[in-house]
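Below is one structure; the comments refer to it alone.
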Amino acid sequence: MGLFNNLFGNNNNTEKKEVKGLPWISLTSVDQLDEIASKSNDKLQLIFKDSTTCGISRMVKNTLNGSYDLTVEEADLYYLDLLSYREVSNETGYKFQVMHQSPQLLVIKNGEVIAHASHGDINNLELKSFL
């Protein structure tokens, strides 16, 4: 019976695993892009562009969730669902002069993109090095 209990979630182990959540700020408006550029003069700004129907995007987001090590004092982390906010996604590329890809992470400092990566390369960015 123990095997069936474990398979169907009737496990007596009540210990809960801690789930680390990222301090996402939803990016839903073109107007926020000017705010991000301005705030980047004082604090690092990051934009994660996510294609919510893409398996690669989901995998990269999950890996980022486990490896992200900046505090809210060091950086703001924006989340852009590019399927729901296509206009914002397009304007992000124009404003920061970066060709659209997804998933994609933009690192913004002093009003400009100082680094960006897409797909698996996102997890290779050493974010602390941009502080």
Side-chain angles (χ1 to χ4, degrees):
M1 286 291 280
L3 174 65
F4 290 111
N5 286 340
N6 288 336
L7 285 175
F8 296 109
N10 194 13
N11 190 346
N12 289 332
N13 184 358
T14 58
E15 184 179 323
K16 302 275 185 195
K17 285 187 177 181
E18 183 179 335
V19 178
K20 178 183 174 189
L22 294 181
W24 295 114
I25 301 168
S26 293
L27 178 52
T28 59
S29 166
V30 170
D31 295 337
Q32 287 176 276
L33 297 175
D34 287 333
E35 178 184 321
I36 290 168
S38 177
K39 287 170 59 177
S40 74
N41 291 318
D42 299 318
K43 181 163 74 167
L44 197 65
Q45 303 292 296
L46 307 169
I47 299 175
F48 180 75
K49 294 171 65 177
D50 185 23
S51 176
T52 57
T53 60
C54 173
I56 292 172
S57 193
R58 184 173 25 260
M59 180 180 65
V60 169
K61 182 179 169 195
N62 287 340
T63 303
L64 180 64
N65 190 52
S67 65
Y68 187 82
D69 62 352
L70 299 179
T71 66
V72 294
E73 290 79 22
E74 294 172 320
D76 290 327
L77 179 60
Y78 287 85
Y79 175 81
L80 174 57
D81 174 348
L82 63 94
L83 298 179
S84 295
Y85 299 98
R86 192 167 304 275
E87 178 188 7
V88 178
S89 177
N90 291 339
E91 191 60 34
T92 300
Y94 299 137
K95 177 154 188 75
F96 294 112
Q97 298 296 297
V98 176
M99 183 181 293
H100 165 75
Q101 295 189 45
S102 70
Q104 185 175 42
L105 183 68
L106 308 180
V107 181
I108 304 162
K109 189 172 190 174
N110 297 322
E112 297 183 9
V113 170
I114 58 170
H116 62 92
S118 65
H119 298 84
D121 288 336
I122 290 172
N123 294 310
N124 295 329
L125 285 176
E126 293 291 331
L127 297 176
K128 288 239 185 227
S129 71
F130 301 113
L131 295 175

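In what follows, residues are counted from 1 in the order of the sequence shown.
When hydrophobic clusters are built by joining Ile, Leu, Val, Met, Phe, Trp and Tyr residues whose side-chain heavy atoms come closer than 4.5 Å, directly or via intermediates, L105 is not grouped with M59. The cluster map of Ile, Leu, Val, Met, Phe, Trp and Tyr, joined by side-chain heavy atoms under 4.5 Å apart, puts I56 and L83 in different clusters. In the hydrophobic cluster analysis, where Ile, Leu, Val, Met, Phe, Trp and Tyr join through side-chain heavy atoms closer than 4.5 angstrom, Y94 is grouped apart from L82.
Annotation: salt bridge (Lys or Arg N to Asp or Glu O under 4.0 Å) contacts of D76 (sequence neighbours excluded): K39, K43. In this view, E74 and K128 satisfy the salt bridge (Lys or Arg N to Asp or Glu O under 4.0 Å) rule, not counting sequence neighbours. A search for side chain to side chain donor-acceptor pair (under 3.5 Å) contacts involving H119 returns nothing, not counting sequence neighbours. With sequence neighbours left out, Y79 forms a ring pair (Phe, Tyr, Trp, His ring centres under 6.0 Å) with W24. For the salt bridge (Lys or Arg N to Asp or Glu O under 4.0 Å) test, no residue two or more places apart in sequence or in another chain qualifies with D121.
Contact of the L131 side chain with the L70 side chain is registered, since non-hydrogen atoms from C-beta on lie closer than 4.5 Å. Side-chain contact between H100 and K49: present, with at least one pair of heavy atoms (C-beta onward) separated by less than 4.5 Å.
The nearest pair of heavy atoms linking L125 to A117 is CD1-CB, 3.8 Å. What you find for S57 and S51 is that their closest heavy atoms are OG-N, 3.2 Å.
Not a single donor-acceptor pair under 3.5 Å links the side chain of Q45 to the backbone N or O of E35.
Other residues sharing the hydrophobic cluster of V113, ordered by chain and number and joined by side-chain separations under 4.5 Å: I25, L27, V30, L33, I36, I47, Y78, L80, Y85, V88, F96, V98, L106, I108.
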